[in-house]
Protein chains: 2
Amino acid sequence: MNTPIIVAIVEDKDDIRQSLAILVNGADGFVCKQTYVNAEDALDDLTRYPVDVVLMDIDLPGMNGIECVRLLKPRHPDMQFMMCTIYDEEEKVFEALKAGANSFILKRSSPARLLDAIRELHDGGSPMSSSIARKVVGSFFNVPAPAEAERNTELDVLTPREREILGRLSKGYSHKEVADELFVSPTTVRKHIFNIYEKLQVHTKVAAVNKYLGRV
Amino acid sequence: MNTPIIVAIVEDKDDIRQSLAILVNGADGFVCKQTYVNAEDALDDLTRYPVDVVLMDIDLPGMNGIECVRLLKPRHPDMQFMMCTIYDEEEKVFEALKAGANSFILKRSSPARLLDAIRELHDGGSPMSSSIARKVVGSFFNVPAPAEAERNTELDVLTPREREILGRLSKGYSHKEVADELFVSPTTVRKHIFNIYEKLQVHTKVAAVNKYLGRV
DNA sequence: AGCTCAATACCTCATTTGTATGATTTTTTC
DNA sequence: GAAAAAATCATACAAATGAGGTATTGAGCT
């Protein structure tokens, strides 16, 4: 390794901060000489002496980690911020990303994964714990978030064919359009739809589609 | 051991497809019995026989992988799609995620990383190669709420009354039910709905509701 | 004072849809 | 191989819907 990646750590809990520092310093290609127990100290010091990567705890006494990033990022756009948190709270994730954080990982990640992540971050990537990535992807693109295992079990009572038809109804297709696309008679489609209504306990397309898209 | 994760592979190149299948089947807790050389076959078969996780190549002959996801995802919201690609092209990433893809990894990922990713995906995460995550994060605050802004402008052409009525349609109400609730005649409601259709350029309730709920 | 637009309301017509009943053929499952 | 489930199609009727046009009222703007 030629020049090592210079890392700073902002974390109020002594044991975690020291473990992280030991981990980073013990690994080849990484150096951590700057650690801070609060955001105010970090802000002051990192403004003057920037580093490559900052591991930033979110929940800090006084100013929180997100606010600290918001202030530091504009001053040193090249400095990469990796938010470290215990919980993948949705709001915090977005707030942090908007503030300019580049990466977001859960503290329960393995040491090896953490070091990988630091390197990826330094190389221009945005490593994220996958559960956090799900939130980002889901909300940003308005994708129906299935996530939970206990989602619409109601739809399980539908047959594959019924789901197929319902999928097309959800796009605003008429009976006839569905029939044409599936190469069956409109009567058949209507029969299927009728069966779907019975199973889902609804009486209109919109209501059925709402259930289908989990909008109930 | 618990139930294995059922995986399907859509990939036109024989060697890659077979390697992937061997990798998946060779690992503990994974099973892959369904592989497809094109999107059309996958679409047809997976509609009827859904699996847990689909590894989807983007560049396929005929229909591409993104289009395939767009069609399959609404039918089986629980099915998880992992896009596999060689390049991290920005547009494709967004397009795929908007289409409903849950995960996005580069083909050069290691076998171990791939298997990890499949498991994380199945557990509700959205594993992404960090270079791809960077693009997602980047656009996150570059373009402040693009989807919402776009959706809103479309709905802005509607009058408050029209939005009120559309909101009730989105709950599956009939003309008459809306009329009763708003204390106006059904004819009026129909006129409003007609105007809404004209403004939103649609011809059915479901299509209008889709626009209203930003599911276009 | 004149203009525009939203909201209200009615009429007509053709089409779509929801409901019901019944039947045949595949496919799945036991 | 029999039973159950799914998919197919037909006919029929009443209600809901989509597409046109027309008209009155009141609010807001110039």
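Only this structure's heavy atoms are used, side chains among them; waters, hydrogens and symmetry mates stay out. Per chain, numbering begins at 1; letters A, B, ... match sequence-line order. Keep in mind that what you see is a predicted model, and the values were worked out from it rather than measured.
- Rounded to whole Å, atom P of dT16(C) lies 9 Å from atom CD of Glu177(A).
- Of all the heavy atoms in Glu181(A) and Tyr173(A), the pair that sits closest is OE1-CE2, 3.1 Å.
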>> I'd like to know whether Val54(B) forms a side chain to side chain contact (heavy atoms under 4.5 Å, CB included) with Val69(B), so could you lay out the CA-CA distance, the side-chain angles of the two residues, the decisive distance to 0.1 Å, and finally the verdict.
In response: CA-CA 9 Å; Val54(B) 181; Val69(B) 171; over 6 Å; no
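- Atom pair Arg161(B):CZ and dA6(C):P shows a separation of 14 Å (rounding to whole Å applied).
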> Can Leu166(A) and Leu200(A) be said to form a side chain to side chain contact (heavy atoms under 4.5 Å, CB included), step by step?
Replying inline: CA-CA 11 Å; Leu166(A) 194 43; Leu200(A) 298 186; 4.0 Å; yes
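- OP1 or OP2 of dA7(C) has not a single side-chain nitrogen or oxygen of Thr188(B) nearer than 4.0 Å.
- Using modelled atom types, one finds a donor on one side chain and an acceptor on the other under 3.5 Å when comparing Thr187(A) with Ser185(A).
- The distance between atom CD of Glu198(A) and atom C1' of dT21(C), rounded to the nearest whole Å, is 12 Å.
- Atom pair Ile193(B):CD1 and dT8(C):C1' shows a separation of 14 Å (rounding to whole Å applied).
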Close N or O pairs between protein and nucleotides 28-30 of chain C (under 3.5 Å):
residue	atom	partner	partner atom	Å
dT28(C)	OP1	Tyr49(B)	OH	2.9

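- First and last contacts of DNA chain D with chain B, using any nucleotide atom under 4.0 Å from a protein heavy atom and ordered 5' to 3', fall at dT17(D) to dT22(D).
- Partner Tyr36(B) forms a side-chain hydrogen bond (donor to acceptor under 3.5 Å, both in side chains) with one of Asp45(B), Asp12(B), Asp41(B) and no other, that one being Asp45(B).
- Ranked by how close their nearest DNA chain D nucleotide is to the 5' end, Val202(B) and Lys191(B) are led by Val202(B).
- In this structure, Thr204(A) and His192(A) both approach DNA chain D, and ranking their closest nucleotides by distance from the 5' end singles out His192(A).
- Under a 3.5 Å cut-off, the side chain of Ser103(A) and the backbone N or O of Leu121(A) do not form any donor-acceptor pair.
- Ion pairing between a basic and an acidic side chain is recognised when a charged N comes within 4.0 Å of a carboxylate O; Lys107(A) and Asp57(A) show such pairing.
- The phosphate of dT16(C) (OP1 or OP2) has no side-chain N or O of His175(A) nearer than 4.0 angstrom.
- Each of Ser185(B) and Val206(A) was matched to the nucleotide of DNA chain C holding its nearest heavy atom; the match closer to the 5' end belongs to Ser185(B).
- We find that CZ of Arg190(B) is positioned 20 Å from C1' of dA6(C), with the value rounded to whole Å.
- When heavy atoms are screened at a 4.0 angstrom cut-off, Thr187(B) is found touching base atoms of the nucleic acid.
- A salt bridge links Asp14(B) to Arg17(B): at least one charged side-chain nitrogen sits closer than 4.0 Å to a carboxylate oxygen.
- To the nearest angstrom, C1' of dA7(C) lies 17 Å from CZ of Phe183(B).
- Within the nucleic acid shown, Ser174(A) comes within 4.0 Å of sugar-phosphate atoms alone, with no base atom in reach, counting heavy atoms only.
- Between the side chain of Ser126(A) and the main chain of Asn102(A), a donor-acceptor pair closer than 3.5 Å is present.
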